[in-house]
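Notes for the one structure printed next.
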There are 2 protein chains.
Amino acid sequence: MTRQLPSATVARLTVYLRSLSAMLADGVERVSSEALAETAGVSSSNVRKDLSYLGSHGTRGVGYEVQRLSGNIAATLGLTHDWRVAIVGAGNLGRALARYTGFESRGFDVVALFDADQLIVGNEVGWLRVSDVRDLEVVLARTRATMVVLALPGTVAQQVCDRVVAAGVHSILSFAPVVLQVPDSVNLRKVDMATELQILAYHAQRIHEPGDGPGRPSA
Amino acid sequence: MTRQLPSATVARLTVYLRSLSAMLADGVERVSSEALAETAGVSSSNVRKDLSYLGSHGTRGVGYEVQRLSGNIAATLGLTHDWRVAIVGAGNLGRALARYTGFESRGFDVVALFDADQLIVGNEVGWLRVSDVRDLEVVLARTRATMVVLALPGTVAQQVCDRVVAAGVHSILSFAPVVLQVPDSVNLRKVDMATELQILAYHAQRIHEPGDGPGRPSA
DNA sequence: GCGTGTGAATGCTTTCACAGCA
DNA sequence: TGCTGTGAAAGCATTCACACGC
């Protein structure tokens with residue numbers, strides 16, 4: 001049952017899942033690869049290839065059963081139960097993440113929020129109380145969190161990351177603008193907003209040749 | 001003159017740039033592809049291939065001049081001048097982004113922050129005043145913002161996105177958990193935190209079968 | 001027919017290995 | 001000698017095109 005899926009496929013499955021959830025809510029019962037591709041912003045052959053990895057059973061000439069496909073993808077992604085997530089860093093971003101309602105609805109429970117600043121520790125954010133990062137190991141164990149989100153300054157990210165790893169966490173999502181070193185056994189994903197803007201800058205600059213001001217909005 | 005760089009290379013250039021900035025600050029003058037690869041978390045041959053696209057001039061047997069390489073990459077990415085960025089959505093995430101100091105230091109000026117909620121419009125966030133999203137077109141024009149960050153609910157993302165595009169913006173970074181449709185002339189990048197966690201869930205679930213969760217994959 | 005499932009072909013990315021130059 | 005720069009090879013990912021079954 002455990003053949004590794006191509007990583008590009010895994011990323012797209014999450015998108016399909018979102019589209020399918022919307023369709024389920026709308027009472028749609030069947031969907032073609034063409035229609036699903038449309039809502040997901042990819043090609044239909046890409047959709048079919050991706051779904052074929054699940055050993056998915058669509059019906060030729062008809063399409064896929066929304067309900068069944070949705071359950072199939074959720075199971076494949078490991079979303080059959082909730083995941084307990086801890087957020088380290090209760091600055092602007094950490095607090096925003098802690099209050100983000102999109103996690104809940106997608107099967108992720110935020111069970112702890114940490115900060116090092118004693119002025120913040122003990123405060124309430126949403127329905128959570130901010131824990132002292134000195135108690136990281138204890139609280140991670142007590143809450144049985146298996147995923148950690150790092151929302152802290154680059155300067156301390158690596159040292160906190162090391163403690164998180166030592167505490168036995170294998171899944172980490174980092175918003176810190178640094179490259180973190182982790183053992184192979186740990187799964188680390190990185191989101192960096194400045195990087196994203198820089199990539200946009202590259203493409204923007206290739207179009208309007210840089211004068212002193214960045215392009216005029218010619219329409 | 002400038003041939004299109006592979007997109008994977010562009011993404012890594014931003015990482016190199018960060019490493020090089022740190023080295024510059026530390027007074028390091030030269031760096032080998034091996035050393036740079038280490039800090040960036042990629043292979044050294046990957047670094048050399050990437051840099052060779054810039055027609056970059058390293059010195060054989062020695063390495064690259066940090067200062068020069070750094071300037072080279074910045075120029076390639078179009079970071080020789082600041083970019084004016086507007087953020088639409090002053091909820092938790094939007095406010096966190098508006099206050100994020102990492103943008104400034106990387107050449108991105110947040111020049112406007114919008115919201116639709118009349119209770120929020122007019123408030124100060126950092127050194128910005130929240131504008132009414134009804135004035136989107138006017139304020140975008142006045143501030144001459146050329147990049148827009150969408151930090152708003154999925155339900156309104158597409159309609160706001162359409163207005164942003166119509167206003168002549170060609171670079172958009174979206175945090176909304178939906179697939180947005182834009183013309184080919186627009187560059188859209190997407191960041192979705194729930195998606196990232198789902199991808200982590202997939203890998204986590206492939207390793208340890210969860211103990212207290214219901215259901216395991218059928219044989 | 002129609003739309004899935006899938007080999008085969010194309011294109012993109014990374015790695016290898018080594019020539020070439022300080 | 002040491003490290004860059006780069007063709008050639010290997011490894012992924014996407015697209016094509018069409019057989020197949022409803």
Side-chain angles (χ1 to χ4, degrees), chain A residues 3-16 19-20 23 28-70 72-73 76 179 184 190 195 199 202-203 206, chain B residues 3-16 19-20 23 28-70 72-73 76 179 184 195 199 202-203:
Chain A
R3 58 227 170 271
Q4 173 89 265
L5 298 179
S7 63
T9 293
V10 175
R12 279 188 301 265
L13 286 178
T14 68
V15 180
Y16 302 155
S19 296
L20 292 168
M23 289 177 194
V28 178
E29 288 182 6
R30 284 188 308 268
V31 65
S32 67
S33 61
E34 187 70 44
L36 185 53
E38 177 82 13
T39 67
V42 301
S43 73
S44 65
S45 57
N46 214 328
V47 168
R48 290 200 301 279
K49 179 72 83 178
D50 286 339
L51 296 184
S52 76
Y53 290 126
L54 312 193
S56 149
H57 303 122
T59 311
R60 294 173 193 225
V62 178
Y64 303 88
E65 253 183 73
V66 173
Q67 170 106 49
R68 189 141 92 83
L69 183 56
S70 172
N72 237 305
I73 293 177
T76 302
V179 175
D184 286 351
K190 223 174 65 66
T195 284
I199 294 172
Y202 167 73
H203 293 289
R206 295 195 83 251
Chain B
R3 56 237 171 267
Q4 175 88 266
L5 299 178
S7 64
T9 293
V10 174
R12 279 187 302 264
L13 287 178
T14 69
V15 181
Y16 304 155
S19 296
L20 292 168
M23 289 176 192
V28 178
E29 288 183 7
R30 284 188 307 266
V31 66
S32 68
S33 62
E34 186 72 51
L36 185 53
E38 178 82 11
T39 67
V42 301
S43 74
S44 66
S45 57
N46 214 328
V47 168
R48 291 200 300 280
K49 180 71 86 180
D50 285 340
L51 297 184
S52 77
Y53 290 125
L54 313 193
S56 151
H57 303 122
T59 311
R60 291 171 197 231
V62 178
Y64 303 87
E65 253 183 73
V66 174
Q67 170 106 49
R68 189 141 91 84
L69 183 55
S70 172
N72 238 303
I73 294 177
T76 304
V179 175
D184 286 352
T195 285
I199 293 173
Y202 167 74
H203 294 289

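Chain naming here is simple, since letters A, B, ... match the order of the sequence lines and numbering starts at 1 in each. Just so you know, these numbers come straight off a predicted model, no measurement behind them.
Annotation: the span from Ser33(B) atom OG to Tyr64(B) atom OH amounts to 5.5 Å, rounded to 0.5 Å. Between the OH atom in Tyr16(B) and the CE atom in Met23(B) there is a gap of 11.5 Å [rounded to 0.5 Å]. Summarising the geometry, atom CG belonging to Leu36(B) is positioned 15.0 Å from atom CZ belonging to Arg30(B); distances are rounded to the nearest 0.5 Å. Interatomic distance, OH of Tyr53(B) versus OG1 of Thr9(B), reported as 5.0 Å (0.5 Å rounding). To the nearest 0.5 Å, atom CG of residue Leu20(A) and atom CD of residue Gln67(A) are 10.5 Å apart. Note: Ile73(A) CD1 to Arg68(A) CZ = 12.0 Å, rounded to the nearest 0.5 Å.
Summary of the strand contacts: Thr9(A) and Val62(A) both lie near DNA chain D, and taking for each the nucleotide with the nearest heavy atom, the more 5' one is attributed to Thr9(A).
Across all strands, Arg12(B) comes closer than 4.0 Å only to sugar-phosphate atoms, never to a base (heavy-atom distances).
On the nucleic acid side, DNA chain D contacts chain A at distances under 4.0 Å to non-hydrogen atoms, with the end points of that region at dA13(D) to dC22(D).
For the pair Asp50(B) and Arg12(B), the minimum side-chain heavy-atom distance is below 4.5 Å.
For the pair Tyr64(B) and dA22(C), the criterion of a side-chain N or O lying under 4.0 Å from OP1 or OP2 is not met. Note on Ser7(B): a side-chain N or O is less than 4.0 Å away from OP1 or OP2 of dT13(C).
Of all the residues in residues 32-51 of chain A, Ser32(A), Ser33(A), Arg48(A), Lys49(A) reach under 4.0 Å from DNA chain C with at least one non-hydrogen atom.
As rounded to whole Å, 12 Å separates atom C1' of dG7(C) from atom OH of Tyr53(A).
Closest approach of Ala40(B) and Val15(B) over heavy atoms only: CB-CG1, 3.8 Å.
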